[in-house]
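Step one of this worksheet: look at the structure below.
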Number of protein chains: 2
Amino acid sequence: MKSIPKISETEWEVMRVLWGKSPLAAGEIIEALVAKDQSWHPKTAKTLLNRLVKKRALGYDKEGRAYFYRPLVREADCAMAESESFLDRVFGGSLRPMLAHLVERKKLSPAEIRELKRLLEGKE
Amino acid sequence: MKSIPKISETEWEVMRVLWGKSPLAAGEIIEALVAKDQSWHPKTAKTLLNRLVKKRALGYDKEGRAYFYRPLVREADCAMAESESFLDRVFGGSLRPMLAHLVERKKLSPAEIRELKRLLEGKE
DNA sequence: TACGATAAATTACAGATGTAATCGAAAAGC
DNA sequence: GCTTTTCGATTACATCTGTAATTTATCGTA
């Protein structure tokens, strides 16, 4: 059973790049990050890559000079872990109050509501 | 527009006590925390109370020796803020993938599913 | 082969967090 | 009134995070 390392807010952005496509060299990852958000600094990105490797959320294959990173954990598993932690913390572990809350407070578009309904169709 | 302070994981447990009932004296809060989880240390709880006051998430009325704490922010507002941050980080800001994910991965009970459906009824 | 460009490793540093211990003042008991 | 107990205030300290800069090893080039 591989345990899911705790991934911080900014680390998630890095992971998302690699989940989208991997393996990638550090330079390519940084490019992708900067593309999404101008304010990313290469050095910062490198630090995060190192930390994620240390946490064993990423692995890499080195080819001479360059490292090619790839995820060691699946996005779905991380999402699951985060969801659990979030639900416990904020809504006492239960999905219903959260949905109720979001439906009330966020203005969901009619399209979104139909979408959610469709998701639940067929289930049960 | 009062901004919502960022409340950490353990701080949430403290806040939840006060949201449940307030004002309460430090001692009563600590009692409640220990009741839920034996491993709470009084000193730790006190530290968190201070930090929450500093963050302006809690206020207090002092009556002689004792302080009576009460929330300065509403649970619903904090829940909202956390939800936003969580959705952005993990599911790219959108509710649908999260629901999809939870419906797939967590086995929602039929009762829960009906409940969710009912929630969406009438909306739209 | 020495030199400059690169990429990775190491170091930096402040603020947040988890987890308390210690100090100080006030209240309560002797 | 002096002492002990209590409660709040201050201090401690390691780890995690965000955000980089500096140092070192390496590769291609002159």
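Fair warning: this is a prediction, and the values are worked out from it, not measured in the lab. We name chains A, B, ... by the order of the sequence lines, and we start the count at 1 in each one.
Counting atom types as modelled, A:T44 pairs no side-chain N or O with a base atom of D:dA20 as donor and acceptor under 3.5 Å. Under 3.5 Å, the side chain of B:R51 and the base of C:dT19 form at least one donor-acceptor pair of N or O atoms.
For A:S8, the side-chain atoms get nearest to D:dG18 when compared with the rest of D:dG18, C:dT17, C:dA8.
B:N50 has its CG atom 16 Å from the C1' atom of C:dA16, to the nearest Å. What separates CG of B:D37 from C1' of C:dT19 is a distance of 13 Å, to the nearest Å. The distance between atom CZ of B:R65 and atom C1' of C:dG24, rounded to the nearest whole Å, is 18 Å. Rounded to whole Å, atom C1' of C:dT22 lies 14 Å from atom NZ of B:K46. Rounded to whole angstrom, the span from the OH atom of A:Y69 across to the P atom of C:dA7 amounts to 12 Å. Rounded to whole Å, the distance from CZ on B:R89 to C1' on D:dG18 is 15 Å. Taking atom NZ of residue A:K43 and atom C1' of nucleotide C:dA12, one finds them 13 Å apart after rounding to whole Å. As a whole-Å value, the separation of A:I7 CD1 from D:dG18 C1' is 16 Å.
With respect to B:R16 and B:E13, no salt bridge is recorded, no charged nitrogen being found less than 4.0 Å from a carboxylate O. In summary, B:R51 and B:E11 do not engage in a salt bridge, as defined by a charged side-chain N under 4.0 Å from a carboxylate O.
Between A:Y67 and C:dA9 there is a side-chain N or O to OP1 or OP2 distance below 4.0 Å. Dashed line: the shortest gap from a side-chain N or O of A:T47 to OP1 or OP2 of D:dG18 is not under 4.0 Å. Considering only side-chain N and O atoms, A:K6 lies under 4.0 angstrom from the phosphate OP1 or OP2 of D:dT17. Note on A:H41: every side-chain N or O is 4.0 Å or more away from OP1 and OP2 of D:dG18.
Remark on DNA chain D: of its neighbouring residues A:E11 and A:S39, the 5'-side contact belongs to A:E11, judged by nearest-heavy-atom nucleotide.
Considering all non-hydrogen atoms of both residues, B:I4 and B:A81 come closest at CG2-CB, 4.1 Å.
Across all strands, B:K55 comes closer than 4.0 Å only to sugar-phosphate atoms, never to a base (heavy-atom distances).
B:Y60 and B:Y67 have parallel rings, their planes meeting at less than 30° on a 0 to 90° scale where 60° marks the start of perpendicular.
Under a 3.5 Å cut-off, the side chain of A:W19 and the backbone N or O of A:V73 do form a donor-acceptor pair.
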